[in-house]
Amino acid sequence: MADLQERTRFDPAEVEPRILERWLSSGLVHPEPDGTAAENYSIAVPPPNVTGVLHMGHALNGSIQDTLIRTNRMRGRRTKWILGTDHAGIATQRQVEKRLISEGTTREELGREAFVERVWEWREEHGGQIVEQFKRLGATLDYSDERFTMDERYVQAVLKVFVDLYDEGLIYRDYYMVNWDPVLRSAISDLEVEEQEGIADTLYSIAYPLASGEGELVVATVRPETMLADTAVAVHPDDERYAHLVGQEVILPLVGRRLPIIADPYVKTEFGTGALKITPGHDPNDFEIGRRHGLPEIGVIGEDGLMTAAAGEPYAGLTVAAAQERVVADLDAQGLIRAREEYVHTVPFSQRSGARVEPLISLQWFMRMDELARPAIDVVREGSVRIHPESQSRRYIAWLSEIRPWCISRQLWWGHQIPVWYRGEEVYCGIEAPQGDGWEQDPDVLDTWFSSALWPFATLGWPERTPDLRAFFPTDVLSTARDILFLWVARMVMMGLRFTDRVPFTDVNIHSVIQSPDGRRMSKSLGTGIDPIALIEGGPRPPVYGNQARPPGDFPAYGADAVRFGLLAMSSSQDVRFSEEKIAQGQALANKLYNATRFVALRIDSGGVDPEPQPRTVEDRWILSRLQAIEAETQARIDGFDFSRAALGLYDFIFGELCDWYLELVKPRLGEDAEPEDRAALGATLLHVLRETIATAHPIIPFVTEELWELLGWTEAE
RNA sequence: GCGCGCGUAGCUCAGCGGCUAGAGCAUCGCCCUUACAAGGCGGGGGUCGCCGGUUCGAAUCCGGCCGCGCGCACCA
């Protein structure tokens with residue numbers, strides 16, 4: 001108690017590491033796999049990139065999940081928060097490749113085996129950081145049972161899923177138009193493509209002479225170099241201007257190929273001249289049209305981003321940009337460019353490398369999704385999976401209803417290599433390599449999200465029927481931001497239903513994206529990112545801080561409780577701007593609760609027991625009724641995923657009702673001339689109120705409440 | 001283009017048919033009263049984006065604008 005006398009402020013920097021150490025060594029975070037999933041409570045953490053660092057989204061989601069986990073742990077449920085990291089194929093491979101380049105070598109020089117070895121080493125060096133950061137937040141993940149999507153057992157699950165779906169015909173290999181990332185030299189999925197508005201290109205109008213020699217057809221394009229791969233020109237079937245030309249041919253300039261003039265309703269009569277050059281090899285729409293009309297598919301841009309031999313002389317071997325220049329110059333020389341104008345439009349870029357996506361036809365592995373999607377839609381419609389806020393389920397259903405095949409192969413080395421082997425014309429798909437000589441394994445690896453889709457059950461030992469699986473699957477809640485609802489959540493539901501016959505979780509919580517104080521995205525490149533650890537332990541504010549009323553300079557060491565409270569308080573179903581005031585409010589709350597406890601503890605001997613309240617006055621009865629209400633409200637708000645209200649409601653109760661009113665009102669009853677009998681009764685009431693308040697607040701601000709619980713002589717906090 | 005959401009006090013937000021529209025932070029005034037000055041008490045500050053409609057009554061419901069954000073689909 002001497003401590004309490006002297007320390008007038010709650011000091012998270014001193015207290016939190018000490019408390020954290022105790023949680024980690026106490027066995028609190030690790031449940032034995034007993035009982036059934038229905039009795040127990042489990043959450044699978046969205047696995048962060050193994051080499052990643054904690055960002056604001058992790059911190060918010062960590063606060064949310066830990067609040068749920070602690071609430072249910074305090075209710076006496078056996079609680080497991082499944083921990084693990086993701087191998088994050090592209091991101092991790094790129095990090096290591098960058099390192100290699102700085103060392104003056106490349107992955108090609110190293111060779112595949114040595115490169116993969118280097119990635120494992122990289123993971124050893126950099127892999128632990130984000131897990132340590134989750135600890136610092138007070139997140140009670142099961143640290144004694146950490147998984148990785150490249151663990152041997154996990155890999156077995158991934159391969160089994162691939163083989164099963166292959167055998168069923170849902171996974172197949174095909175030449176198809178993909179989004180090609182010329183920097184990564186890999187295909188990427190539709191979900192990894194980001195449209196960027198406002199890109200200024202030149203729109204060229206090019207004359208294609210009619211084969212009959214009488215006249216010409218003018219087409220418009222921003223990519224003149226792709227004309228080398230044209231295999232038709234299309235007009236709208238109802239376009240009277242061109243009706244007489246359908247079935248005739250044009251001569252493709254520079255190449256001399258004869259192209260049919262076809263009619264397709266895709267063509268917009270009002271755009272440009274109403275005639276569209278068709279390049280099935282390098283445009284997704286043209287690809288569709290080409291397949292409809294049985295047109296040849298020519299690839300003039302290679303996977304290396306250079307013009308192929310099919311582009312012909314003198315273009316073969318040039319970069320795309322050089323080829324464009326050359327094509328334009330040659331057309332100009334022939335007087336075939338009818339117009340050029342600036343054209344601002346939307347262009348697809350790779351989210352992975354930032355490169356402009358090059359659509360091309362490539363031999364890739366695909367997964368047919370329609371059959372898997374149907375039951376995944378049903379479970380949300382009928383409510384066996386509930387998405388919060390409800391409005392997000394419309395997005396989920398809309399996306400699944402129009403789902404397209406998923407390109408699951410990536411031309412990378414780091415990841416789950418596709419379990420398919422070739423020998424001449426023979427193809428073998430299996431978990432183990434086939435017997436016999438001369439088999440060569442497919443070099444591609446699977447999209448990282450393929451393995452992530454198995455996360456809630458593969459982490460627990462599936463496909464074996466492990467005790468963990470029985471005790472903790474299906475999980476209860478999946479919490480994440482909107483951006484991976486399709487990329488990850490929907491796919492987990494599909495795979496869970498297909499391979500376990502169960503929904504992998506019953507509730508999906510979609511939380512806010514926290515934007516920078518000026519309303520833009522938090523990002524390193526914009527200088528708008530805020531490091532949650534800098535908030536907890538003190539550290540630099542970001543260079544960009546919007547117009548919020550906060551001074552420049554370093555963050556004070558707000559502490560994990562303050563950060564947790566603040567993030568929960570500012571979160572909602574909408575995107576929100578980061579508000580340092582909310583973090584400061586959390587700090588004030590922790591300090592307030594600490595001092596309220598000092599006030600009581602320095603006057604009343606707690607005796608380490610939970611006393612029966614003995615209300616004697618109207619204010620006693622009032623605070624007890626308010627206490628009961630705040631307990632019920634807080635629980636209901638947490639269960640309803642309304643974390644902002646849960647946090648702010650606690651703040652209002654502790655500041656407004658408990659401290660400003662009740663403690664002020666009872667001060668005279670604790671003084672020197674207080675009536676002893678009343679003083680004793682009041683002491684019991686105060687201790688009871690304090691104890692219950694601390695317990696109610698614990699899931700949100702666990703450190704200070706744990707510390708106070710101990711200072712008051714109570715032992716088990718949970 | 002289609003869909004979703006949002007525009008309320010200087011800032012971040014709550015309220016979503018009915019008491020003079022709220023909170024935190026900021027601001028102003030008064031308190032160095034022995035839990036906390038990272039405190040306490042009190043005050044000022046909003047024609048609730050704009051226009052119309054429904055209603056006894058509208059931030060709150062409906063329609064139309066304007067502005068912002070997000071998602072999906074995209075036109076060469």
Side-chain angles (χ1 to χ4, degrees), chain A residues 4-5 7-11 190-191 195 197 201 203-206 218-224 226-227 230 233-234 266-279 283-286 289 343 345-348 389 391-392 394-396 398-399 401-402 482-483 485-486 512-515 517-521 546-550 556 558 562 566 569-603 642 644-645 647-649 651-652 655-656 658-661 663-664 667 670-672 690:
Chain A
L4 266 187
Q5 188 69 260
R7 300 203 326 245
T8 62
R9 287 174 299 141
F10 176 67
D11 178 12
D190 294 346
L191 291 172
E195 306 285 337
E197 280 178 38
D201 277 319
L203 183 66
Y204 297 92
S205 295
I206 305 169
V218 177
V219 299
T221 181
V222 292
R223 309 251 351 238
T226 65
M227 70 176 287
D230 282 4
V233 173
Y266 170 80
V267 182
K268 304 262 185 301
T269 52
E270 66 279 9
F271 191 95
T273 58
L276 175 64
K277 71 193 257 315
I278 301 297
T279 320
D283 181 282
N285 296 309
D286 294 3
I289 293 169
Y343 184 64
H345 63 149
T346 309
V347 175
S391 60
Q392 294 297 326
R394 278 201 296 276
R395 268 182 72 222
Y396 171 96
W399 183 74
S401 305
E402 291 168 29
R482 258 193 344 262
D483 53 350
L485 182 63
F486 308 146
S512 306
V513 173
I514 298 183
Q515 300 169 329
D518 65 0
R520 290 185 296 170
R521 219 154 244 285
N547 50 3
Q548 288 185 29
R550 276 282 151 178
Y558 282 115
M570 72 182 87
S571 76
S572 78
S573 56
Q574 288 280 123
D575 285 356
V576 291
R577 295 187 186 199
F578 178 80
S579 147
E580 190 174 338
E581 284 72 27
K582 288 286 194 294
I583 309 285
Q585 216 180 319
Q587 182 191 36
L589 178 65
N591 187 53
K592 195 70 176 174
L593 196 55
Y594 175 78
N595 274 295
T597 304
R598 281 183 73 219
F599 173 77
V600 173
L602 294 176
R603 286 165 181 71
D642 191 354
S644 165
R645 245 174 277 265
L648 293 171
Y651 180 94
D652 286 344
F655 262 81
L658 180 59
C659 294
D660 291 353
W661 279 103
L663 294 187
E664 294 299 330
K667 272 181 181 172
L670 292 167
E672 285 302 311
L690 203 54

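Both backbone and side-chain heavy atoms feed into the values below; hydrogens, waters and symmetry mates do not. What you see is a predicted model; the values in this text were computed from it and never measured.
Dashed line: the shortest gap from a side-chain N or O of A:R645 to OP1 or OP2 of B:rG15 is under 4.0 Å. Regarding contacts with the backbone of B:rC36, every side-chain N or O of A:R9 stays at 4.0 angstrom or more from both OP1 and OP2.
A salt bridge is defined here as a Lys NZ or Arg NE, NH1 or NH2 lying under 4.0 Å from an Asp or Glu carboxylate O, and A:D575 with A:R482 meets this definition.
Judged by closest nucleotide on RNA chain B, A:Y651 is the one of A:K268 and A:Y651 placed further toward the 5' end. Residues A:T221 and A:R394 both approach RNA chain B. Their nearest nucleotides, taken by heavy-atom distance, put A:R394 toward the 5′ side.
In this structure, A:D483 atom CG and B:rC72 atom P are separated by 10 Å, rounded to whole Å. The distance between atom CZ of A:R395 and atom C1' of B:rG3, rounded to the nearest whole Å, is 11 Å. Rounded to an integer number of Å, the gap from A:H345 NE2 to B:rA76 C1' is 10 Å. Rounding to whole angstrom units, CG of residue A:L593 and P of B:rC36 are separated by 15 Å. One atom, CD of A:Q587, and another, P of B:rC25, lie 12 Å apart when rounded to the nearest Å. Between A:Q515 atom CD and B:rC6 atom P the separation is 15 Å, expressed in whole Å. Rounding to whole angstrom units, CD1 of residue A:I583 and C1' of B:rC25 are separated by 13 Å. At whole-Å resolution of the value, CD in A:E581 and C1' in B:rG10 are 12 Å apart.
Separation of the C1' atoms belonging to B:rU60 and B:rC70 is 24 Å when rounded to the nearest angstrom. As rounded to the nearest Å, B:rC13 and B:rU8 have C1' atoms that lie 9 Å from one another. The same atom, P, is picked in B:rG44 and in B:rC51; the two are 28 Å apart, to the nearest Å. Spacing between B:rG10 and B:rU27 at atom P, rounded to whole Å, works out to 15 Å. Across the C1' atoms, B:rG49 and B:rG40 are found 38 Å apart, a figure rounded to whole Å. Nucleotides B:rU20 and B:rC48, compared at atom P, are 15 Å apart to the nearest Å. One P atom belongs to B:rC36, the other to B:rC30, and the distance between them is 23 Å to the nearest Å. Look at the P atom in both B:rG45 and B:rG1: the space between them is 43 Å, to the nearest Å.
In this structure, A:W399 places its CH2 atom where more than 12 heavy-atom neighbours from other residues, nucleotides or ligands lie under 6.0 Å away.
Distance from the side chain of A:T8 is smallest for B:rC36 among the nucleotides B:rC36, B:rA76, B:rC13. Among B:rA76, B:rC72, B:rC74, the nucleotide with an atom closest to any side-chain atom of A:F271 is B:rA76.
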Heteroatom pairs (N/O) under 3.5 angstrom, protein to nucleotides 39-46 of chain B:
| unit_1 | atom_1 | unit_2 | atom_2 | d |
| --- | --- | --- | --- | --- |
| B:rG39 | O3' | A:K592 | NZ | 3.3 |
| B:rG40 | OP1 | A:K592 | NZ | 3.4 |
| B:rG40 | OP1 | A:D660 | OD1 | 3.4 |

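At a threshold of 4.0 angstrom between heavy atoms, the contacts of A:V576 are confined to the sugar-phosphate backbone, with no base atom among them. When heavy atoms are screened at a 4.0 angstrom cut-off, A:V222 is found touching the sugar-phosphate backbone but no base atom. Counting any heavy atom pair closer than 4.0 Å across all strands shown, A:Y343 reaches sugar-phosphate atoms only and no base atom. As judged by a 4.0 angstrom heavy-atom cut-off over every strand, A:L663 is placed among the base-contacting residues. A:K277 comes within 4.0 angstrom of nothing in the nucleic acid, heavy atoms only.
Under 3.5 Å, the side chain of A:T346 and the base of B:rC74 form at least one donor-acceptor pair of N or O atoms.
Contact of the A:R598 side chain with the A:T8 side chain is registered, since non-hydrogen atoms from C-beta on lie closer than 4.5 Å. Two residues are said to be in side-chain contact when any heavy atoms from C-beta on lie closer than 4.5 Å; A:T279 and A:T221 fail this criterion. Considering only heavy atoms from C-beta on, A:Y266 stays 4.5 Å or farther from A:I278 through its side chain.
A pairwise comparison of heavy atoms in A:V267 and A:A234 identifies CG2-CB, 3.7 Å as the closest pair. The shortest heavy-atom contact between A:K592 and A:C659 is CE-CB, 3.6 Å. Between A:E580 and A:P556, the shortest heavy-atom distance links the atoms OE2-CD, 4.3 Å. Nearest heavy atom pair, residue A:K582 against residue A:A569, reads CD-CB, 3.8 Å.
Taking the six-membered ring where tryptophan is involved, the planes of A:Y594 and A:F10 are tilted, since the angle between them lies from 30° to 60°. Aromatic ring pairs are classed by plane angle as parallel below 30°, tilted from 30° to 60° and perpendicular above 60°; the pair A:F655 and A:Y651 is parallel.
Counting only Watson-Crick or G-U wobble pairs whose defining distances are both under 3.5 Å, the stems of 3 or more consecutive pairs in RNA chain B are B:1-7 with B:66-72, B:10-13 with B:22-25, B:27-31 with B:39-43, B:49-53 with B:61-65.
Remark: A:S205 engages A:V218, A:A220, A:R338, A:A339 in a side chain to side chain contact (heavy atoms under 4.5 Å, CB included) (not counting sequence neighbours).
Classification of B:rA23 as anti follows from a glycosidic angle more than 90° from 0.
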